[in-house]
2 protein chains.
Amino acid sequence: MKKKVLLKDIANQLNMSITTVSFVINGKAKENNISDASIKRVLDLVAELDYQPNSLAQSLRTGKTKIIGFLVDDISEPFFSGIARLIDEKASEKGYKILFSSSRNSTQKAIELLQIFRDRHVDGYIMALPEGLEEEIKKLVQTDAPVVLFDRYVPDLKTDYVIIDNQGSTEKATQHLIDNGYKNIAFVTIDTEQQQMIDRLSGYELAIKNNKLNPLILKIPYQNSLDSIKKVSEFLSTEKECDAVIFAANYICMDGLRAFRQMGINIFDDLAVVSFDDFELLEFCNPPVTAIAQPLEAIAENIMKIMLSKLNGTNKNTSSRQIVLPAILNIRGSSRGK
Amino acid sequence: MKKKVLLKDIANQLNMSITTVSFVINGKAKENNISDASIKRVLDLVAELDYQPNSLAQSLRTGKTKIIGFLVDDISEPFFSGIARLIDEKASEKGYKILFSSSRNSTQKAIELLQIFRDRHVDGYIMALPEGLEEEIKKLVQTDAPVVLFDRYVPDLKTDYVIIDNQGSTEKATQHLIDNGYKNIAFVTIDTEQQQMIDRLSGYELAIKNNKLNPLILKIPYQNSLDSIKKVSEFLSTEKECDAVIFAANYICMDGLRAFRQMGINIFDDLAVVSFDDFELLEFCNPPVTAIAQPLEAIAENIMKIMLSKLNGTNKNTSSRQIVLPAILNIRGSSRGK
DNA sequence: CTGAAAGCGCTTACAG
DNA sequence: CTGAAAGCGCTTACAG
């Protein structure tokens, strides 16, 4: 095994001090008046020996790791994995690496992961904040750690975040169903304090109220897919007059579709369907399912823009930024009207 | 911001040496004959101050980071994200953290990621080896770095790996179609040197040959989904007599299904379908699609077992292990016979 | 223009 | 039983 090349090795071979070599490598040669000749000699040897600085030593010394922690409920959900991928791309362009984690809906696990992030000295945190972490995150923000939330926000916490217009887009989707003649529209969501879910619900309620219809709401526990399927089935068996359903998130929609299959419900023939979050399976349904699509690219773009400006300290004193992006309603066969 | 507690702080407060405190914290108290009283005092104060050792310093000193690098083509493919999740669970149980990365089918990017892994001093590497990394990985293995491959292997490289019986399971799936009366069975795969794809193809060819049928093979470039869809469409337009298709991997199957939709082909009525890799969308197709399912849990289990034994140095001199696991054929409506 | 040296926060061989 | 000290590989204030 080839011995790792050290800064010292370079310095020795060139009869220079470690300092000089370090300055050159870190692009601080000019500020330190190092001669062009010296610069060239260093860079040449660095290239020749393929010198790679030890990032652990650098991090220990500088306190920076060039790592950003990314925490969501479940990285395998398409919305989160899509964001993850885009963020990863943008981060690598800037020399940052993302540490991905899923809390799998366990507050305990989420706290542990946050601890691991701190442990690993991540430079920044990007999170769709898991439930129960409100206090933890408050403490974190107080330490001036760069934190950017997305998907949801904490109402009484002043942080930077990027979300979409949950209320408005759900209201629009509900209105779309109403316009197409549906009168008994159910809203299936989870039993949660998460702000984005509350906003989606209120968007639905607003449209229902504006049209003087009756709300029909099912809240299922957030956790267990089998249980959710059962809850949806029971609900639909009871609410015979229901002619349309809005699922408040992709995983809820999946469970709903699973319930339909088990019950032999045909989308559209029996029931109109709209999903919050768009994902490919919806296009493969028969008929394809109408969905509210979140603008992944714009979300990721905004998250990274804020994060990078925080990391570069460009806006130490700027107040925090809240970005609210619009969502798109992709209308498909499942809601095409009676 | 609360100042970080250091080892020195603990030692000072207890009037002990740093050495003693360190021994206690690292569970080496007994071997170093430290008194029970001292042990208790240290542990109590550690708990009280919530002391967290600086992992960067530990890593720099010990050369271990407790991080395992995980590299695949695309972490958002269900097969890979499923493995990723299971491995992550098993790793955290043992105090390891996984660094996830996707090479997105770029050899260049894959080499960079490997470089990042080295840079970050990961303790081990778990990879579905991207194409073009054969030489890189050889060098890596020569340095005695713990490497476990999965999904595919490099024929002339002696490493530990965990794969499934690609040839046998594809042969069985092909035979299943033949048994159900299909005579013109196409095999759609990618144009690649990846060993697992070669094995799947040869399993198909074996069954075809054993039954004296004619092979019908389409190789599409690995990269572009739109292009793949077009290639599949053209192929099916030409090969009118084709009555069944086997897709050699989940992403190929997705593109195939997309092509079907565009062409108005009905699964089963027009064409029997079998997918290598099972994923939920297949169950939602009408009729549901037969698939060869890889045993995710067993794969992840074996990968981690090998990796951990390597990390613990339990089997420094043991020869490398090759694990070949069986796959399961989930028979559904798409291949139920003519 | 360049170098000697301190220090980031640990671990551990060595000495007593 | 416990402690002083070297060292992991860097960065950077300070001195000249």
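The structure presented is a predicted model; accordingly, all values stated were derived computationally and were not measured. Just so it is clear: chains get the letters A, B, ... in the order the sequence lines come, proteins before strands, and each one is counted from 1.
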Can you figure out which of C:dT2, C:dG9, D:dT2 approaches the side chain of B:Ser35 most closely? D:dT2

Answer with base, sugar-phosphate or nothing: what part of the nucleic acid does B:Thr62 contact at a heavy-atom distance below 4.0 Å? sugar-phosphate

With sugar-phosphate meaning primed atoms plus P, OP1 and OP2, does A:Lys8 contact a base, only sugar-phosphate, or nothing at under 4.0 Å between heavy atoms? nothing

Taking atom P of D:dG9 as reference, at what distance in whole Å does atom CG of A:Leu7 sit? 11 Å

Would you say A:Thr20 places a side-chain N or O within less than 4.0 Å of OP1 or OP2 belonging to C:dG3? yes

Mind checking if A:Thr19 touches a base, just sugar-phosphate, or nothing, with heavy atoms under 4.0 Å? base

Under 4.0 Å: is that the gap between some side-chain N or O of B:Tyr51 and OP1 or OP2 of C:dG9? no

Tell me the interatomic distance from B:Asp119, atom CG, to D:dC10, atom C1', rounded to whole angstroms. 13 Å

Would you indicate which nucleotide in C:dG9, D:dT12, C:dT2 comes nearest to any side-chain atom of B:Leu60? C:dG9

Within the 4.0 Å heavy-atom criterion, would you say A:Leu56 contacts the bases, only the backbone, or no part of the nucleic acid? nothing

Checking all strands, does A:Ser38 fall into the base, sugar-phosphate, or nothing category for heavy-atom contacts under 4.0 angstrom? sugar-phosphate

Checking side chain to side chain contact (heavy atoms under 4.5 Å, CB included) against B:Leu129, which of B:Leu71, B:Val72, B:Ile137 comes through? B:Ile137

Taking only the side-chain heavy atoms of B:Leu6 (C-beta and beyond), determine which of C:dT2, C:dC10, D:dT12 contains the nearest atom. C:dC10

Under 4.0 Å, counting only non-hydrogen atoms across every strand here, what does A:Asn33 touch: a base, just sugar-phosphate, or nothing? base

Is any side-chain N of the basic residue among B:Glu135 and B:Lys139 closer than 4.0 Å to the acidic one's carboxylate O? no

Taking atom C1' in both D:dT11 and C:dT2, compute the distance separating them and give it to the nearest angstrom. 16 Å

Counting the atoms with a prime plus P, OP1 and OP2 as sugar-phosphate, which does A:Ser22 contact under 4.0 Å by heavy atoms, base, sugar-phosphate, or nothing? base

Expressed in angstrom and rounded to an integer, what is the separation of A:Phe23 atom CZ from D:dT11 atom P? 10 Å

Using atom CD1 of A:Ile10 as one end and atom P of D:dT11 as the other, report the distance to the nearest whole Å. 12 Å

Of D:dT11, D:dT2, C:dC10, the nucleotide closest to the side chain of B:Pro53 is C:dC10

Which nucleotide wins on minimum distance to the side chain of B:Arg61, given the candidates C:dG9, D:dG3, D:dT12? C:dG9

Are B:Phe70 and B:Phe150 close enough that their ring centres sit under 6.0 Å apart? yes

Decide, yes or no, whether a salt bridge links A:Lys109 with B:Glu89 under the criterion of side-chain N to carboxylate O below 4.0 Å. no

Pairing of A:Lys305 and A:Glu301 as salt bridge, 4.0 angstrom limit: no

Which nucleotide in C:dC10, D:dC10, D:dT2 has an atom nearest any side-chain atom of B:Gln58: C:dC10

Do the charged groups of A:Arg152 and A:Asp73 touch, with an N to O distance under 4.0 Å? yes

Rounded off to whole Å, could you give me the CG-to-C1' distance for the B:Asn54 and C:dG9 pair? 6 Å

Rounded to whole Å, the NZ-P distance (B:Lys28 to C:dC10) equals 15 Å

Watson-Crick/G-U partner (both atom distances under 3.5 Å) of C:dA4: none

From CD1 of B:Ile18 across to P of D:dG7 the rounded distance in Å is 17 Å

Quick one: A:Lys64 NZ to D:dG9 P, roughly how many Å, whole number? 24 Å

